[in-house]
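Shown next, in structure tokens, is the structure this report addresses.
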Protein chains: 2
Amino acid sequence: MQLKDIAKRLNISISTVSRVINGTGRVNKDTRELILKTIKEMGYQPNEVARSLKRKSANTIGVIVPDISNSFYASVIKGVEKVAREGEHSVIVCNSDEDIQKEEEYVQLMLQKQVAGLVIATVGGDPQLFEQYKSSGIPFVFFDNLPNTEENFDIVTIDNVKAGYELAKHLVEQGHEKLAILTGPQHQSSAAERLQGFRKCLEENGLSVRDEWVGVGEFRRESGYKIMNEWLKRDELPTAIFAANDFLLYGAIKAILEKGLSIPQDIAAVCFDANDETGLIRPQITSVIQPADLIGTIAGEIILRKEKNKNRPVFEKIVLEPKLIINESSQKRIGG
Amino acid sequence: MQLKDIAKRLNISISTVSRVINGTGRVNKDTRELILKTIKEMGYQPNEVARSLKRKSANTIGVIVPDISNSFYASVIKGVEKVAREGEHSVIVCNSDEDIQKEEEYVQLMLQKQVAGLVIATVGGDPQLFEQYKSSGIPFVFFDNLPNTEENFDIVTIDNVKAGYELAKHLVEQGHEKLAILTGPQHQSSAAERLQGFRKCLEENGLSVRDEWVGVGEFRRESGYKIMNEWLKRDELPTAIFAANDFLLYGAIKAILEKGLSIPQDIAAVCFDANDETGLIRPQITSVIQPADLIGTIAGEIILRKEKNKNRPVFEKIVLEPKLIINESSQKRIGG
DNA sequence: TTGAAAGCGCTAACAG
DNA sequence: CTGTTAGCGCTTTCAA
């Protein structure tokens, strides 16, 4: 079923049919209606691939995230999808699985598919990578992890240093002096900046950041579990832990509970992104919550806008305010 | 950057270049290497849209789920993506948001985009809808909810009646006689069949299914919360509740806890799909766990296979075994 | 207001 | 082994 068929049926040219479908140019009112009717009757659906080829854009927004199972990323995707839908675009989603190799491949794939733009939480750190992304000529909007490069890109993020600072400050205010941190790969800005905020806070409060309590792993449960277990083997334990994302903390908590210790009585805990969709996570986690849906929405909007404006070389860095949700996992210890 | 450019640079025809890129036909070894080298140098990327137009397929698998935030669906998507990647396909993901209207729109969109096939957890119930899907001519693989139609489709599912039966049986074996059920829209097969299994079990065990304890809502937390609150207002309470999915149960548990009751001491609880990614959900839920990743994998494979075999009219109904995970939420009451 | 025709970037006969 | 050519289904000049 294509233009040709309905044109033939009506004994008119395909360009006229095309015109009424696209609402471009003037078409006689009667023929327009006849065409519309026939289209409906025959159930014609335009071939988007052909359109895209002609248009040189696939009306599609690409999204690449490290882990679609993480509800933070799922919410971002939903946000992108919402604006995409409104703008008559669709969304291709890819999971990089925290693997820079896969990320690169998927970026290539998306480019080949002529996406209008890419929303990406990169896991890469090599500036060359971003130059390559840049040279593609289509808009890349970064969130979560920012590109390590001098090139200009659009960015939608929170202030991770500040948020890390605030989160650590909360622990300090609860009277904690022995703090440990679990964070992710240091070439990922979110991991590095959250650590930086943590450091800054401790230093300003006359506390020392103890190297043996700076645990650098991956943003996964297994990683948090492993690092925490190392710490638990030692004589001296921190009184509070700070995790750069939820999965790291969940792993750490597992280790803590297995050891027979409890939260927050023995060890208090806070983290980023612990957005409890179930409402049943115990202990309830004190956490910095990013406005995930909004991040996706804004990122999507930037891409649609740039597409309309022929990719004008204007770059925005949008900094959103996260929320600090205080919960039982960091409650002050009664007594000492 | 296109075929033309590299052909021009080398003073050869574009078809030769095309041949080496696709590895089709015989090409002189030296020219092949020269071409490969030049492609790399110039950083040529084939235009997938043009290829797709020619090929009449976009090498893409479409996936439509009701809610990408639900970890069950997220895992299915991951499964599809894995096989898609291996088969050099990509995945377009859409959220129907449990809205049949959106689902239809997205199906149309996917068809227009010439996807190779569609993996879908439909939320629709009208047979006409499925005839329409059928007439598209591309393979639809259903999971989770099955199409309400006589038409043949590929299906990857668990036996929901049986699983519902087993889950209810577990409660009965724990000594429960006053059972309530929370389920989803009855035009969705998963909701209806799980209820059916529940009924069958109670009847076989000489227990009555009390209409006032059959709560039909949507597969959302709010729905479970609302229905449970109604029940909690009455004098007589069930001693156990059975929910057709995790979100329904999470909502119900919220209501129960707010009322000052506890699980499983006052009310035991079981459900489908409570796959705890965090490991911190309390109480830990007794649940039927579907092999989500495998569902996605198999569904993706079916589509790739059909694409290869020119959509041979062979339809498979694949029934997978779920796991019943027994946890504290359904523990036997000590005493009475 | 309409139609003819060029062309989007690529693949695949077909001919040489 | 290589080049020419005809489309894939659509949009969009340009003429009529």
Side-chain angles (χ1 to χ4, degrees), chain A residues 1-36 38-39 42-60 88 108-109 111-116 136-138, chain B residues 1-36 38-39 42-60 88 108-109 111-116 136-138 307 310:
Chain A
M1 176 60 37
Q2 24 181 303
L3 280 190
K4 191 173 50 180
D5 299 313
I6 96 133
K8 207 169 282 174
R9 167 91 98 91
L10 263 35
N11 248 314
I12 55 179
S13 76
I14 63 170
S15 26
T16 302
V17 183
S18 172
R19 278 184 198 108
V20 345
I21 286 173
N22 295 288
T24 59
R26 333 224 94 265
V27 177
N28 177 288
K29 206 178 171 214
D30 292 345
T31 40
R32 151 176 283 107
E33 276 171 15
L34 182 59
I35 290 171
L36 251 17
T38 316
I39 284 176
M42 303 182 68
Y44 167 77
Q45 299 279 19
N47 180 322
E48 263 305 315
V49 174
R51 284 181 151 181
S52 298
L53 178 59
K54 187 73 193 169
R55 194 196 305 130
K56 299 191 185 182
S57 162
N59 278 180
T60 297
E88 315 217 272
Q108 297 304 351
L109 184 68
L111 296 179
Q112 295 179 185
K113 293 214 169 225
Q114 318 295 119
V115 297
S136 72
I138 69 155
Chain B
M1 175 63 37
Q2 26 182 304
L3 281 189
K4 191 174 51 180
D5 299 314
I6 95 132
K8 206 168 282 171
R9 167 89 97 91
L10 261 37
N11 248 316
I12 56 180
S13 76
I14 64 169
S15 30
T16 303
V17 183
S18 173
R19 278 185 198 106
V20 344
I21 287 173
N22 294 288
T24 60
R26 334 224 95 264
V27 177
N28 177 290
K29 208 180 167 213
D30 292 345
T31 39
R32 151 174 284 105
E33 276 171 14
L34 182 58
I35 289 171
L36 252 17
T38 316
I39 284 175
M42 302 182 68
Y44 167 77
Q45 300 279 19
N47 180 324
E48 264 305 315
V49 174
R51 284 181 150 181
S52 299
L53 178 59
K54 185 73 194 174
R55 194 196 306 129
K56 299 191 184 183
S57 163
N59 278 180
T60 296
E88 313 216 274
Q108 297 304 352
L109 184 68
L111 296 179
Q112 295 178 186
K113 293 213 169 225
Q114 318 294 118
V115 296
S136 72
I138 70 155
E307 190 181 30
K310 295 176 180 175

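Each chain gets a letter, A, B and so on, in the order its sequence line appears, and its residues count up from 1.
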* To do: Using a 4.0 Å heavy-atom cut-off across all strands, classify A:Ser52 as base, sugar-phosphate, or nothing.
  => nothing

* Asked: Is any N or O donor-acceptor pair between the side chain of B:Ser15 and the base of D:dT4 shorter than 3.5 Å?
  -> yes

* Asked: Whole-Å distance between C:dC10 P and B:Gln114 CD?
  -> 19 Å

* Asked: Rounded to the nearest Å, what distance is computed from the CZ atom of residue A:Arg55 to the P atom of nucleotide C:dG9?
  -> 14 Å

* Structure fact -> Rounded to whole Å, the CG-P distance (A:Asn11 to C:dA4) equals 11 Å

* To do: Give A:Arg19 one of three labels, base, sugar-phosphate or nothing, depending on what nucleic acid heavy atoms sit under 4.0 Å from its own.
  => base

* If you look at every strand shown and take non-hydrogen atoms under 4.0 Å, does B:Thr16 touch a base, only sugar-phosphate, or nothing? -> sugar-phosphate

* Asked: Between B:Pro46 and A:Asn28, which has a closest nucleotide on DNA chain C that is more 5'?
  -> A:Asn28

* Asked: Between atom CG in B:Asn59 and atom P in C:dT11, what is the gap in whole Å?
  -> 11 Å

* List the steps and the verdict of side-chain contact (heavy atoms from CB on, under 4.5 Å) for B:Ile12 and B:Leu34. => CA-CA 11 Å; B:Ile12 56 180; B:Leu34 182 58; over 6 Å; no

* **Modelled atom types, side-chain donor and acceptor of A:Ser52 and A:Gln114, under 3.5 Å** => no

* To do: Send over the distance from B:Gln2 CD to C:dG7 C1', rounded to a whole Å.
  => 11 Å

* **Value in whole Å for how far the P atom of D:dT5 lies from CD1 of B:Ile14** => 12 Å

* To do: Give the rounded distance in Å between these two atoms: NZ of A:Lys54 and P of C:dC8.
  => 7 Å

* To do: Have a look at B:Thr24 and say if it touches a base, only the backbone sugar-phosphate, or nothing, with a 4.0 Å heavy-atom cut-off.
  => nothing

* If you look at every strand shown and take non-hydrogen atoms under 4.0 Å, does B:Arg51 touch a base, only sugar-phosphate, or nothing? -> sugar-phosphate

